[in-house]
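To start, the structure itself, in structure tokens.
Given the structure is predicted, the values throughout are model-derived calculations rather than measurements.
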Amino acid sequence: MHTQYCFAFSALEQAVRHCDNSTKNLDIINCYVHMGLERAKQHATKQAMRRSHLRIFNTLVDTLCDSLVPIDWRKQCDTYIKRLQPLLFEILSADEYQAKLQELALLKSFYFINTRSCQNQPSNDA
């Protein structure tokens with residue numbers, strides 16, 4: 001793999017992970033996922049391909065759980081996480097897959113429910 005390609009992928013990964021409020025371009029997430037999947041296809045071993053797929057998935061999950069990232073960005077990450085679930089089913093054992101889904105459900109319930117409850121609370125600015 002070319003160094004420039006790896007640098008571009010890493011730069012996209014950082015853009016996804018640390019959404020810049022001034023450039024909330026949701027296409028960045030799409031580009032990151034697409035580039036990551038293409039990158040994974042180029043690996044020689046199944047283990048390397050699996051690591052690449054999990055890297056994409058874990059970056060999206062980490063971003064989803066970051067309460068400093070705008071909620072719209074986090075919801076978009078959740079959309080892509082859902083799209084990647086069939087891929088996870090293919091690369092993980094049945095037990096690993098179920099554990100990932102349970103972990104994801106727990107994280108989403110915590111981070112998204114907390115976000116909603118914080119938004120619904122009245123402010124004390126009176």
Can you tell me how far the [atom1] atom of [X] sits from the [atom2] atom of [Y], to the nearest 0.5 Å?
{"X": "Glu13", "Y": "His18", "atom1": "CD", "atom2": "NE2", "result": "9.0 Å"}
{"X": "His53", "Y": "Lys41", "atom1": "NE2", "atom2": "NZ", "result": "8.5 Å"}
{"X": "Lys75", "Y": "Phe112", "atom1": "NZ", "atom2": "CZ", "result": "7.0 Å"}
{"X": "Met35", "Y": "Ile56", "atom1": "CE", "atom2": "CD1", "result": "11.0 Å"}
{"X": "Leu60", "Y": "Tyr80", "atom1": "CG", "atom2": "OH", "result": "9.5 Å"}
{"X": "Cys19", "Y": "Ile28", "atom1": "SG", "atom2": "CD1", "result": "7.5 Å"}

Measure up the Phe89 and Tyr97 rings against each other and bin them: parallel (under 30°), tilted (30 to 60°), perpendicular (over 60°).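 Phe89 vs Tyr97 ring planes: perpendicular.
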
What is the minimum heavy-atom distance between Ile91 and Arg50, and which atoms define it?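 Closest approach of Ile91 to Arg50, heavy atoms only: O-NH1, 3.3 Å.
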
Mind listing the closest non-hydrogen atom pair of Lys82 and Lys108 along with its distance?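 Result for this residue pair: CE-NZ, 3.6 Å.
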
Any carboxylate oxygen within less than 4.0 angstrom of a Lys/Arg side-chain nitrogen, looking at Arg74 and Asp78?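 A salt bridge is absent here (no side-chain N lies under 4.0 Å from a carboxylate O).
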
Step by step, work out the side-chain contact (heavy atoms from CB on, under 4.5 Å) result for Leu37 and Leu84. CA-CA 10 Å; Leu37 294 174; Leu84 290 174; 4.3 Å; yes

Taking Trp73 for the side chain and Arg17 for the main chain, is one N or O donor matched with an acceptor at less than 3.5 Å?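 A pair under 3.5 Å: no.
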
Show, in sequence, the C-alpha distance, side-chain angles and deciding distance for Tyr32 and Thr59, and conclude whether the side-chain contact (heavy atoms from CB on, under 4.5 Å) test is met. CA-CA 10 Å; Tyr32 168 70; Thr59 296; 3.2 Å; yes

Would a single hydrophobic cluster contain both Leu88 and Met49, if residues Ile, Leu, Val, Met, Phe, Trp and Tyr are joined by side-chain heavy-atom contacts under 4.5 Å?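 No, Met49 does not connect to Leu88 through the hydrophobic network.
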
For the pair Tyr111 and Val61, evaluate side-chain contact (heavy atoms from CB on, under 4.5 Å) and give the outcome as yes or no after the intermediate values. CA-CA 11 Å; Tyr111 286 98; Val61 171; over 6 Å; no

Would you please test Gln76 and Asp27 for side-chain contact (heavy atoms from CB on, under 4.5 Å) and show each step? CA-CA 10 Å; Gln76 191 68 16; Asp27 290 338; over 6 Å; no

